[in-house]
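Taking it in order: structure first as structure tokens, then the write-up.
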Amino acid sequence: MGATGMATAAGTAVLVYLVLSGRLCGDAAGEDQLISSAVSAAAAARRQRKEEARARREQRRARRRRWRWPERAPEGWGEAAAVAARTVRFTWAETLGKWALGELAFGINYYMRQQGNLQHEYAGSDSVLLDGPEVRQELISLLRYLKLCMYFSKKPFDMFLEFGGYEQNDVLIKKSKARILKPAFTIVRDTSSKCLFLFIRGAISVKERLTAATGAEVPFHHVMVQDGSVSNLVLGYAHCGMVAAARWIAKRAIPCLSKAVEQSPDYEVKIIGHSMGAGIATMLTYILRENEKLSSSTCIAFGPAACMTWDLAESGKDFVTTIVNRNDLVPSLGLVSAAKLRTEVMTSSWAHDLRKQIQQTRFLGFVNRSVSFIRSHVPFVSDPRSKVVDVDMLQSQSSEAGSKPSADTHAVVKKRPPLVCWSCVAAPRQTVESSKQIQGIESQTNTDVKTEKIIAEAEAAAELVSVHLGELNLQESDNEDGNKEEKESTLKGTDEYEAMELLESFTHEKQVPSASTSAQEPHQLYPPGRILHMVGLPAAEEATTSEQGAQEEVVALYETSRHLYSKIRLARSMIREHYMPKYIKTMEQLIDKLAEEYIDNQLDSL
């Protein structure tokens, strides 16, 4: 930086000295060569400074991109604040930073209506129907675990102990206050079932929601131990916040659980959670099973998030049981599945449907016509000094700048749709090819104006440089043509370089990547382990409930394939059915249905 500055100053000083000293009339050839070299050195130094500045900017951006997501919980408030700020930026970039307001407000609702009820896809040929007394008994046990988890998450701790029939000496660890990447959990000894339960609370508080929102992907591996030796090593990626939280819990729970297992070798270790707590419970189970004393740990996950890649999820089928309720959104929600959903919403005709609804609605149609009338008759709307940008204003600016769009383009720009007040709802920041073609016509006039302005500024800069050089009144000889061409090419290259920089500042071809942008594409994440899905089907489609035709919907339990959760299936109850009371209600319905079927089978056999 210092060397380039000194070179620029030296070149400028030499040029000023030669001009002011009046020695240009002497040895023209040598002095002209000196001036040419000084100008070339100054241009080269300026170009080098710009390249160094750009390199420094790229290095800062690369450092932000290489900023690793935490693999452990923050130790102090400074680290916690940094993680929280990074999480907020990441969440904004993946939600409102990508989704336009119209897509969120109208597009999803329209696509949901077009999609319809897709519960039958979970009961396809890849799924296995589960019924019988053994399945009913397993559901009864799962229902008790879920109620204990709900009491721990939603009720005071004393009420949780009373509901479970526990004493204070049965509580081995109690962490009721959550922090960022440090969820609330407890370990209790259940003498009735001879189990050591580790309950993890879901996203209840703001700090726990920040843990769930830390949804970047980090490398995660699982060492499968069999007979005291490593049998397999599974590599993959997992949810960053859940991995860090699981490691934080493991650091505190492993000594306590190891001691409890030594004292009671016949007790089983079960990790239970719901939603975010279910995802953390899964990661924690993977970690605990790598410990020789805790290698038999199992996990019960109710409505877990899509938190790990395929290989990791498949490796846990023997010790992780996932339960999903009807249209629950969370087990299929991830970065990749959300991107797929956004593409499908954008390619749907929701904007046309919205325009049709507005025109058919008396009040909205009146508002739309009123706004259209105001925009066409009030003078300040089309005033270039106004902050409201109009198509006519863009057209007038393009005519003043000298741009000459084609007749077709002029006709398309001039013809505005009647839905002018809703034109901003379908303007996504990142679009697929179809939306790019639609928006390209509307922005063509403005782009022509910017491009011609840039070209005019570049030409003006070149003329200005040539005028300054002409004022020097240099004497040129025949043997100086090479130096002249080199000087002109240097100046032309500098002007073109500045013009390209100006062009990049107006266009979006070189966007600054956000801090949340990773160097690699996101991976498709899946719910872990063996998946049991409680599916609600019309009575006519359920094979074993032909006598219940009077009911609108019946519930059946299916063991589903993992690939079904790579796609988000929208439904009006997709958020409501994620909560634990809805899980409890569906499980109770399913248990009653299986009991009735068992009684009917017993009566038929008599």
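Worth saying up front: this structure is predicted, and the values here are computed from it rather than measured.
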Check ring pair (Phe, Tyr, Trp, His ring centres under 6.0 Å) between Phe160 and all other residues, then give those that pass, not counting sequence neighbours.
->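 With neighbours one apart ignored, the set is Phe152, Phe157, Tyr166, Phe199.
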Pairwise distance [atom1]([X]) to [atom2]([Y]) - rounded to 0.5 angstrom:
X: Asn327; Y: Ser332; atom1: CG; atom2: OG; value: 10.0 Å
X: Cys149; Y: Ile300; atom1: SG; atom2: CD1; value: 11.0 Å
X: Glu138; Y: Leu594; atom1: CD; atom2: CG; value: 11.0 Å
X: Lys177; Y: Lys175; atom1: NZ; atom2: NZ; value: 12.0 Å

Quick one: do Glu75 and Lys251 make a salt bridge, cutoff under 4.0 Å?
->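 No, Glu75 and Lys251 are not salt-bridged.
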Under a 4.0 Å N-O cut-off, is there an ion pair linking Asp318 with Arg289?
-> no
For a quick test of reading the model, state the closest non-hydrogen atom pair linking [X] to [Y] and the distance between them.
X: Gly215; Y: Leu335; result: O-CD1, 4.2 Å
X: Val330; Y: Asp328; result: N-OD1, 3.2 Å
X: Phe319; Y: Ser297; result: CB-O, 3.8 Å

is_close_aromatic(Phe302, Tyr145), centroid dist under 6.0 Å =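 Ring centres of Tyr145 and Phe302 not closer than 6.0 Å.
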Within the distance-only criterion (no hydrogens, no angle test), does the side chain of [X] pair as donor or acceptor with the backbone N or O of [Y] below 3.5 angstrom?
X: Ser127; Y: Tyr122; answer: yes
X: His120; Y: Pro538; answer: no
X: Thr186; Y: Ile173; answer: yes
X: Gln524; Y: Val336; answer: no
X: Arg342; Y: Lys98; answer: yes

Donor on one side chain, acceptor on other, Thr87 and Thr214, under 3.5 Å =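 There is such a pair (donor and acceptor under 3.5 Å, judged by atom type) between the side chains of Thr87 and Thr214.
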Begin from the C-alpha positions of Lys582 and Arg326 and carry the test side chain to side chain contact (heavy atoms under 4.5 Å, CB included) through to its verdict.
-> CA-CA 10 Å; Lys582 291 295 182 180; Arg326 299 180 185 249; over 6 Å; no
In sequence, state the C-alpha distance, the side-chain angles, and the governing distance for Lys155 and Glu162, and then conclude on salt bridge (charged side-chain N to carboxylate O under 4.0 Å, His left out).
-> CA-CA 11 Å; Lys155 306 294 182 179; Glu162 181 181 355; over 6 Å; no
